[in-house]
K.L.:
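Please read through the structure below; I'll follow up with questions.
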Amino acid sequence: MGQHLGLVSLVVPDYDQAIAWYCQQLGFELVDDSPQGDDKRWVVVRPQGAQTGLLLAKAKGERQQEAVGNQCGGRVFLFLNTDRFWADYERMKAAGVHFVEAPRDEPYGLVVVFEDAFGNRWDLIQHKD
């Protein structure tokens, strides 16, 4: 199989709030939610049918709490690829996802920037063939 990116760690303020947002607003699936002791859990969500997921890591300490929602310094941090841009855009909009701009048709594809519940910026993108 070779290498592939398995998980990306995302610092969040609360496990349950993050699970609810990613599963309800984005439609991700909850892959794992296992207690690890000391108020720590192994929580993995991912887009339906995808290999790569997000490890939702509860912020501990001031430094991690400051990183919540700003893990990439205000730039787009994560890219959600789709092959049904308009259907996903409308579903997400109806679910209350905050889009920071109108969808754009760029040379590389259809794209729109949205923010998750914590302020991280994402691209919803359908690449051109």
K.L.:
With heavy-atom distances below 4.5 Å as the criterion, would you say the side chains of Leu124 and Asp88 are in contact?
P.N.:
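In contact.
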K.L.:
After noting the C-alpha distance and the side-chain angles of Asp33 and Tyr15, does the key distance pass the side chain to side chain donor-acceptor pair (under 3.5 Å) rule?
P.N.:
CA-CA 9 Å; Asp33 184 358; Tyr15 291 118; over 6 Å; no
K.L.:
Is the count of non-hydrogen atoms from other residues, nucleotides or ligands lying under 6.0 Å from Trp86 atom CH2 greater than 12?
P.N.:
yes
K.L.:
From Gln17 CD over to Phe118 CZ, what is the distance, rounded to the nearest 0.5 angstrom?
P.N.:
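Atom-to-atom, Gln17:CD and Phe118:CZ are 4.5 Å apart.
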K.L.:
Which value, rounded to the nearest 0.5 Å, describes the distance between Gln71 atom CD and Ser9 atom OG?
P.N.:
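Between Gln71 CD and Ser9 OG, I get 7.0 Å after rounding to 0.5 Å.
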K.L.:
Treating Glu115 as the side-chain partner and His98 as the backbone partner, does any N or O pair qualify as donor plus acceptor under 3.5 Å?
P.N.:
no
K.L.:
Where is the tightest heavy-atom contact between Arg46 and Gly53, given as atom of each residue plus distance?
P.N.:
CB-CA, 3.6 Å
K.L.:
Just how far is it from atom NE2 of His127 to atom CZ of Phe79, taken to the nearest 0.5 Å?
P.N.:
8.5 Å
K.L.:
Heavy-atom distance under 4.5 Å between the side chains of Leu30 and Tyr22, does that happen here?
P.N.:
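Side chain of Leu30 against side chain of Tyr22, heavy atoms only: no contact under 4.5 Å found.
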K.L.:
How close do Leu56 and Ala18 get, counting heavy atoms only, and between which atoms?
P.N.:
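Closest pair (atom of Leu56, atom of Ala18, distance): CD1-CB, 3.8 Å.
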K.L.:
Are the side chains of Leu80 and Pro47 in touch, meaning some heavy atoms are under 4.5 Å apart?
P.N.:
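Leu80 vs Pro47: side chains touch.
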K.L.:
Please tell me if the side chains of Leu55 and Val8 come closer than 4.5 Å, counting only heavy atoms from C-beta onward.
P.N.:
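Of all side-chain heavy-atom pairs linking Val8 with Leu55, none is under 4.5 Å.
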K.L.:
Are there more than 12 heavy atoms of other residues, nucleotides or ligands under 6.0 Å from atom NZ of Lys60?
P.N.:
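Yes.
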K.L.:
Is there a side-chain contact between Arg41 and Asp16 (heavy atoms, below 4.5 Å)?
P.N.:
yes
K.L.:
Would the distance check show the side chain of Glu101 and the main-chain N or O of Val113 forming a donor-acceptor pair, the cut-off being under 3.5 Å?
P.N.:
yes
K.L.:
Specify the closest pair of heavy atoms between Asn70 and Asn120, including all atoms of both residues, with the distance to one decimal.
P.N.:
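Smallest heavy-atom distance, with atoms named: N-OD1, 3.6 Å.
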K.L.:
For residues Ile125 and Leu110, determine if any side-chain heavy atom of one lies less than 4.5 Å from a side-chain heavy atom of the other.
P.N.:
no
K.L.:
Nearest 0.5 Å, what's the NE2-OG1 distance between His4 and Thr52?
P.N.:
5.5 Å
K.L.:
Contact between Arg121 and Val100 at the side-chain level, heavy atoms closer than 4.5 Å - yes or no?
P.N.:
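Arg121 reaches Val100 side chain to side chain.
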K.L.:
Before giving the answer on salt bridge (charged side-chain N to carboxylate O under 4.0 Å, His left out), spell out for Asp105 and Lys128 the whole-Å C-alpha distance, their side-chain angles and the decisive distance to 0.1 Å.
P.N.:
CA-CA 10 Å; Asp105 188 358; Lys128 292 185 179 172; 3.2 Å; yes
K.L.:
Which of these, Ile19, Leu54, Val44, sits in a side-chain contact (heavy atoms from CB on, under 4.5 Å) with Phe28?
P.N.:
Leu54
K.L.:
To the nearest 0.5 Å, how far apart are CG in Asp116 and CG in Leu78?
P.N.:
8.0 Å
K.L.:
Quick one: CG on Leu10 to NZ on Lys58, what's the gap to the nearest 0.5 Å?
P.N.:
15.0 Å
K.L.:
Counting only heavy atoms not in Gln36 (residues, nucleotides, ligands), do more than 12 fall under 6.0 Å from its CD?
P.N.:
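It does: Gln36 CD has more than 12 such atoms within range.
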K.L.:
Do Met92 and Phe114 make a side-chain contact, defined as non-hydrogen atoms from C-beta onward lying under 4.5 Å apart?
P.N.:
yes
